[in-house]
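Have a look at the structure below before the remarks.
Keep in mind the model is a prediction, meaning the values are calculated, not measured. Index from 1, following the sequence.
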Amino acid sequence: MDFDLAPVFQIGAVGFITAILQTVLKQAGKEDIAHWATLVGFIIVLFMVVHYVGDLFTEVKRVFLFN
């Protein structure tokens with residue numbers, strides 16, 4: 001059983017970029033846009049996690065139902 005770390009790094013990269021973007025926008029006085037950028041980053045990560053959870057359920061189904 002191998003463990004792929006690429007999804008962890010992808011989610012971390014989106015979080016890092018979102019945090020930098022939010023900080024820069026707040027320093028520029030654009031708090032409203034900073035909140036929207038944070039929300040968009042959260043939604044992107046949420047879709048990524050939902051995709052990976054779907055893959056996990058497919059794999060569990062494949063293992064236990066022998067498809």
So how far is it from Leu39 CG to Leu46 CG, rounded to the nearest 0.5 Å?
10.0 Å
Determine, using the 4.5 Å side-chain heavy-atom cutoff (strictly less than), whether Val8 and Val50 are members of one ILVMFWY cluster.
no
Any heavy-atom pair between the side chains of Val45 and Phe42 that's under 4.5 Å?
no
What distance separates Gln22 CD from Glu31 CD, expressed to the nearest 0.5 Å?
9.5 Å
Heavy-atom distance under 4.5 Å between the side chains of Val14 and Met48, does that happen here?
yes
Shortest non-hydrogen separation from Leu25 to Ala37 and the atoms involved
CD1-CB, 4.2 Å
Ile33 CD1 to Thr38 OG1 distance, which is reported to the nearest 0.5 Å
12.0 Å
Point-to-point distance, once rounded to the nearest 0.5 Å, from CG of Leu21 to NZ of Lys26
12.5 Å
Under a 4.5 Å cut-off applied to non-hydrogen side-chain atoms, are Gln10 and Tyr52 in contact?
yes
Single-linkage hydrophobic cluster Val49~Val40, side-chain heavy atoms < 4.5 angstrom:
yes
